[in-house]
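For the single chain, residues carry numbers from 1 onward in sequence order. Here the structure is a predicted model, which is why all the values come from computation and not from measurement. Numbering of ligands and ligand atoms starts at 1, following listing order. Only this structure's heavy atoms are used, side chains among them; waters, hydrogens and symmetry mates stay out.
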Amino acid sequence: MILKTYNLSKFFEGLRALDGVSISVPRESLTLIIGPNGSGKSTFINTVTGFYKADGGRVEYEGKDITNLPPHKIFREGIVRTFQIPRPFKKLTVIENLLMPLDNPGEQIRNAIMKNWVDFESEAVEKAYEILEFLNIDHLTFEKSENLSGGQLRLLEIGKALMTDAKLIVMDEPLAGVAPALAHEILRKVKELCDAGKTFLIVEHRLDIILEYADKVYVMGNGKVIAEGGKEVIEKPEVVEVYLGA
Ligand code: ADP
Ligand code: MG
């Protein structure tokens with residue numbers, strides 16, 4: 001297992017947003033977390049990646065305790081995440097966004113990019129081109145990010161994650177607002193990346209599209225894992241019930 005949580009808990013003023021969540025993510029595969037709105041999926045990701053402090057429990061990455069490390073340290077361990085709402089630098093082109101260091105955005109944006117562009121043969125630039133080709137968005141290399149469609153922005157988010165050498169890529173609703181054909185394309189790329197050594201932990205509620213790609217599924221309800229297993233878990237009565245009750 002590349003990632004394990006043990007009884008992970010997070011409370012907001014008495015609300016048990018995460019109530020003892022234990023999951024295991026096998027390496028080089030796609031683990032999917034589903035569940036109705038408000039069931040704690042984003043809170044789980046935020047707590048695992050250090051954006052929220054856990055109130056209890058433990059997070060282990062590659063056997064190492066990373067509970068409550070700050071986000072930049074968790075990133076350095078090899079975990080990269082995307083957000084429910086993509087946050088590219090809109091005025092920058094696609095390739096410029098890829099060349100932005102993920103752990104250190106902010107003041108020195110232009111400097112960071114210029115440093116990479118000075119040497120056109122630099123590894124970072126070459127890697128960026130390879131990723132754009134792999135994701136089939138190389139025609140958008142010099143497009144300003146603000147002109148991208150919802151689906152293209154998601155691909156850019158994946159591209160940014162791939163620019164890092166993170167082994168575990170955690171994504172919060174990567175298919176939100178993405179047309180079905182492009183969503184399937186994104187997921188096919190995700191599976192190719194699993195075969196190439198990456199691991200994905202994805203929160204998503206568009207089951208109709210993503211379920212067939214999942215290697216392992218966790219279902220959350222009210223801050224707890226209520227079911228886990230293969231794709232067939234969605235047929236369990238407790239899962240049907242939590243969705244109907246939502
Ligand atoms: P999901 O991603 O499954 O839709 P969330 O993890 O966003 O659910 O939310 C789980 C619960 O925790 C919800 O009741 C939500 O209102 C609450 N919650 C999430 N983040 C915060 C926060 N920063 N402050 C207070 N309550 C929060
Ligand atoms: Mg959410």
Side-chain angles (χ1 to χ4, degrees), residues 3-25 30-59 61 66-72 74-75 79-88 150-151 153-158 160-161 168-178 183 186-187 190 199-211 213-214 216-229 231 233-234 236 238-246:
L3 182 84
K4 281 185 123 181
T5 67
Y6 301 87
N7 279 316
L8 198 63
S9 295
K10 176 71 190 171
F11 309 139
F12 295 111
E13 308 194 353
L15 172 80
R16 291 170 176 267
L18 284 184
D19 193 0
V21 173
S22 303
I23 71 156
S24 303
V25 178
L30 195 180
T31 297
L32 179 64
I33 301 180
I34 62 175
N37 268 334
S39 56
K41 305 181 301 296
S42 293
T43 302
F44 179 75
I45 284 184
N46 284 325
T47 310
V48 164
T49 53
F51 287 82
Y52 289 166
K53 287 257 177 283
D55 292 307
R58 197 151 59 102
V59 183
Y61 176 71
I66 59 161
T67 320
N68 290 340
L69 287 181
H72 69 277
I74 290 177
F75 173 74
I79 303 179
V80 66
R81 65 160 301 174
T82 66
F83 290 86
Q84 208 164 337
I85 299 159
R87 311 170 172 179
L153 282 174
R154 296 289 168 183
L155 285 165
L156 174 56
E157 284 279 292
I158 295 176
K160 287 173 73 167
L168 174 61
I169 300 174
V170 180
M171 309 182 93
D172 197 352
E173 301 205 9
L175 305 181
V178 180
I186 290 172
L187 292 165
V190 163
T199 302
F200 285 81
L201 175 60
I202 298 183
V203 160
E204 185 53 61
H205 69 221
R206 290 179 68 187
L207 298 189
D208 52 328
I209 291 177
I210 201 169
L211 202 60
Y213 298 91
K216 188 174 185 183
V217 181
Y218 286 92
V219 185
M220 289 188 65
N222 287 320
K224 291 190 166 79
V225 171
I226 59 159
E228 67 177 273
K231 313 175 203 339
V233 291
I234 61 154
K236 288 189 175 179
E238 59 269 37
V239 176
V240 173
E241 191 185 340
V242 80
Y243 270 94
L244 289 179

Out of all atoms in ligand 1, which are within 4.0 Å of some heavy atom of [X]? Include the element for each.
| X | value |
| --- | --- |
| Ser42 | 1 (P), 2 (O), 6 (O), 7 (O) |
| Asn37 | 4 (O) |
| Thr43 | 5 (P), 6 (O), 9 (O), 10 (C), 19 (C) |
| Leu15 | 11 (C), 12 (O), 14 (O), 17 (C) |
| Ala17 | 12 (O) |

Any Gly35 heavy atom less than 4.0 Å to ligand 1
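Not so, Gly35 does not reach ligand 1.
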Under a 4.5 Å cut-off applied to non-hydrogen side-chain atoms, are [X] and [Y] in contact?
| X | Y | value |
| --- | --- | --- |
| Leu211 | Leu32 | yes |
| Ile79 | Val170 | yes |
| Met171 | Ile158 | yes |
| Pro174 | Glu204 | yes |
| Arg81 | Leu201 | no |
| Ser24 | Lys216 | yes |
| Leu168 | Tyr61 | yes |
| Ile202 | Tyr213 | no |

Atoms of protein origin (N, O or S) under 2.8 Å from the Mg ion (ligand 2):
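Less than 2.8 Å away from the Mg ion (ligand 2) sit Ser42 OG.
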To the nearest 0.5 Å, what is the distance between CD1 (Ile74) and CZ (Phe51)?
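Answer for the CD1-CZ pair, Ile74 versus Phe51, is 8.5 Å.
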Spacing of Lys41 atom NZ and Asn46 atom CG [to the nearest 0.5 Å]
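Output value for this atom pair is 12.0 Å.
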Check whether Tyr243 reaches the backbone of Gly35 with its side chain - one donor and one acceptor, N or O, closer than 3.5 Å.
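Such a contact is found between Tyr243 side chain and Gly35 backbone.
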Among protein heavy atoms, which lies nearest atom 23 (N) of ligand 1, and at what distance?
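Closest protein heavy atom to atom 23 (N) of ligand 1: Tyr52 OH, 3.2 Å.
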What residue and heavy atom of the protein are closest to atom 24 (N) of ligand 1, and at what distance?
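Looking at atom 24 (N) of ligand 1, the protein heavy atom closest to it is Phe12 CD2, 3.4 Å.
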Given Gly38, Pro36, Gly223, Gly40, which has its nearest heavy atom closest to atom 4 (O) of ligand 1?
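It is Gly38 whose heavy atom sits nearest to atom 4 (O) of ligand 1.
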Is the shortest distance from atom 16 (O) of ligand 1 to a protein heavy atom below 4.0 Å?
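No, no protein heavy atom sits under 4.0 Å from atom 16 (O) of ligand 1.
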